[in-house]
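Following: one structure in structure tokens, then a few remarks.
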Amino acid sequence: MATNNDAPSAAEVAQAGVSEAQIAVHWREEEYYPPPPAFVAQANANDPAILERFSEDRFPDCFTEYAEMLTWDRKWDQVLDTSDPPFWKWWVGGRLNACVNCVDRHLQERGDENALIWVPEPEDAETRYITYAELHRRINEFAALLRDFVGAKTGDRITFHLPMVPDLPVSMLACARLGVIHSQVFGGFSGTACGHRIADSKSKILVTIDSYYRNGQLLDHKKHADEAIAAAQAEGVEVEKVLVWRRIPGEYHSDSPMVEGRDFFIDELLDGYRGQTVEPVSMPAEAPLFLMYTSGTTGRPKGAQHSTGGYLSYVTGTSKYYQDIHPTDTYWCFADIGWITGHSYIVYGPLSLGTTSVMYEGVPTYPDAGRPWRIAEKLGVNIFHTAPTTIRMLRKLGPDEPAKYDYHFKHMTTVGEPIEPDVWRWYYEVVGKGQAAIVDTWWQTENGGFLGSTLPGLQPMKPGSCGPAVLGVFPVIYDENAQEIPKGSGKAGNMCIRNPWPGIFQTVWGQPERFVETYYAKYCKNTDSKDWRDWPYFSGDGAVQAADGYFRILGRVDDVINVAGHRLGTKELESAAITVDEVAEAAAVPVIDELRGKIVEMYVSLKPGNEASAAVEQKVADAIDREIGKIARPKNVWIVSDMPKTRSGKIMRRVIAGISNFSDVGDVTTLANPEIVDEIRHYVQHEKLERGETPRELSEQEKQEIAAYGHAD
Ligand code: WT7
């Protein structure tokens with residue numbers, strides 16, 4: 001049994017002189033992987049002169065290179081206006097329309113090429129190929145409906161609660177055409193969560209769908225609209241119309257009744273708008289394009305407000321240089337458009353560049369773990385983009401599947417959380433067949449586009465590190481006292497960005513004080529200053545910078561487990577656990593401890609074909625000893641059949657933290673697998689009592705800390 005009996009006490013650690021810095025240093029440096037020569041030869045960015053063009057002394061003008069990738073109705077007068085910090089304005093005086101940039105401007109040369117390829121989840125269902133001309137027609141018809149039937153006007157907000165169907169990008173771009181601000185709520189969120197976001201943005205219109213396929217089932221989705229409307233109503237916001245796409249036009253697969261005068265089938269209404277075109281509205285560069293609500297643990301939801309010109313230029317530029325998108329590529333970002341990743345890197349960035357963007361409706365492992373590779377083979381996907389959680393799942397269930405399929409990726413992306421080096425290597429060797437350049441892109445909903453990544457044709461990859469900052473972005477790591485932590489010191493601190501960039505969100509919708517307070521107050525040097533240099537952006541992530549300038553992101557600062565005054569990054573612990581061959585997934589949680597403040601417990605799930613055993617538990621504990629240090633040795637290692645996860649695949653650490661502490665697990669209704677919670681609770685708490693670990697009543701503050709643990713909700 002793995003226990004922490006031989007882990008040192010705080011006093012012992014102090015005596016032995018082990019510091020936080022040394023713990024961070026224990027995280028072994030990984031070897032570089034050079035980008036494959038065939039990739040470099042064709043890369044959009046393969047001339048080192050680009051690094052010069054974006055050097056710090058060229059800021060902010062360097063970003064005109066991104067703005068010039070767009071088609072403007074009127075050119076900007078000023079690149080960056082800093083007169084009202086930290087509310088930065090990019091491309092002031094410029095006017096453009098995002099829909100024109102993503103669709104109309106490609107019609108002449110690429111009208112017959114595919115803009116979107118949509119793969120429904122049922123494998124025998126027909127793949128849909130949507131050309132730029134077809135997309136243009138559909139957007140115009142829906143825009144006409146929004147304008148004439150709904151009366152939507154420039155500046156209004158419309159909420160979508162849609163899954164991965166082509167109607168979603170059509171709806172987004174129809175809004176963009178009219179200058180209407182869209183707010184897409186992830187389809188997997190509950191009706192109530194959607195309702196809070198409707199209320200916060202004061203949307204009068206909800207766009208939804210009757211049903212969609214997920215994991216082999218046609219799910220009733222329209223029912224969530226009724227909950228959403230009730231929740232919004234409770235907050236004083238009345239939804240006037242619900243527009244309902246139908247997954248199978250003409251059929252209705254929901255138990256929710258259509259409410260007369262409120263609910264309308266879009267396919268029926270569209271009959272009245274066939275062939276209509278809508279003049280795109282020329283928008284000021286700083287006009288909001290959309291809201292994207294971020295995960296917050298408590299309080300009012302936070303709507304990140306993104307701009308038209310700044311955002312679109314940033315996602316276009318980064319899609320070109322970091323995703324290496326050429327118009328002739330077949331690009332598949334396997335994420336959900338309900339997240340910022342999908343907005344930036346399924347819809348706006350790729351379409352702005354006129355490429356073919358693939359969308360898949362369902363789960364990665366339906367009907368089996370070979371599905372993504374069959375899709376890639378069939379469609380000739382050559383750029384693949386997904387998250388570590390998907391990669392781990394595919395590795396767990398189908399470690400040898402990729403080799404069975406004849407596809408060729410030139411480029412792959414990982415995004416959303418730190419990737420364990422072992423998982424990275426499987427991605428590189430098995431999924432990428434050793435031939436693809438990988439970018440590990442670090443950024444946030446608030447950022448619009450990538451902040452940390454290697455330039456794939458110019459900078460070598462290093463597993464587990466996102467790489468240096470992207471072009472034109474200049475980070476700094478600060479300690480709690482705003483002292484800079486130098487690179488190569490092995491010390492972790494708070495990851496901040498010294499300068500504004502065009503993709504940065506404009507504000508938290510309706511809560512400007514919260515915007516300043518959350519992201520700028522902590523390290524602002526002078527609140528009266530109008531110089532951007534005095535306003536570093538606080539990301540909330542912990543990071544360590546190696547001597548070579550590469551950043552290793554440790555996860556959210558609030559996910560750190562503080563053992564006897566030593567901050568252990570959740571991800572360091574999990575990376576160590578996953579070096580054990582049998583382990584597929586790992587999650588570290590803090591347990592309140594009389595002596596050390598907190599101690600670590602590990603939860604792991606195993607790759608198929610492995611049995612839970614004391615030997616595996618021991619191996620996990622030993623791996624953490626070895627990779628990080630005895631201070632981090634877990635009190636217990638729990639082998640579970642699966643982790644509690646959100647619909648987007650993030651492990652809900654607060655749930656298992658609640659179990660380990662005999663505390664509340666909180667709301668579990670949004671989990672993809674709520675049934676696992678009782679199973680884990682029963683096993684873990686029973687074992688703990690057997691081992692004589694009697695639970696102690698936690699203080700209110702301790703309870704709150706456990707409930708807030710983890711970012712995934
Ligand atoms: C948080 C942001 C990025 C868009 C999708 C998620 C973590 C994101 C990485 C990465 C290490 C990463 C950070 C960040 N994160 N990408 N490549 N390496 N950590 O957006 O939901 O706003 O989450 O995800 O902790 O703050 P989000």
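Just follow the structure's listing: the first ligand is 1, and inside any ligand the first atom is 1. Atoms considered below: every heavy atom in the structure, side chains included; atoms not considered: hydrogens, waters and symmetry mates.
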Do any nitrogen or oxygen atoms of G416 lie less than 3.5 angstrom from nitrogen or oxygen atoms of ligand 1? yes

Within the 4.5 Å heavy-atom criterion, are Y66 and F54 side-chain neighbours or not? yes

Inspect the contact between D548 and K462 and indicate whether a charged nitrogen and a carboxylate oxygen are less than 4.0 angstrom apart. yes

Considering both backbone and side-chain atoms of T414, is one of its nitrogen or oxygen atoms within less than 3.5 Å of a nitrogen or oxygen in ligand 1? no

Of W442, F450, W443, the residue with the heavy atom nearest atom 1 (C) of ligand 1 is W443

Pull out every atom of ligand 1 sitting under 4.0 Å from any heavy atom of P418, numbered as shown with elements. 11 (C), 18 (N), 19 (N)

Compute the shortest N/O to N/O distance between S539 and ligand 1 and return yes if it is under 3.5 Å, no if not. no

Has ligand 1 got any nitrogen or oxygen that is less than 3.5 angstrom from a nitrogen or oxygen of E446? no

Kindly say whether the aromatic ring centers of W501 and Y537 come within a distance under 6.0 Å. yes

Given Q323, which of T413, D329, T318 fulfils the side-chain hydrogen bond (donor to acceptor under 3.5 Å, both in side chains) condition? T413

Looking at G362, is its backbone amide N or carbonyl O close enough to the side chain of Y212 to form a donor-acceptor pair, meaning the two atoms are under 3.5 Å apart? no

Would you say T341 has any N or O atom under 3.5 Å from an N or O of ligand 1, going by distance alone? no

Option whose closest heavy atom lies nearest to atom 17 (N) of ligand 1, chosen from D541, D440, I419, I553: D440

Taking only Lys NZ, Arg NE, NH1 and NH2, and the carboxylate oxygens of Asp or Glu, determine whether E417 and R392 approach each other closer than 4.0 Å. yes

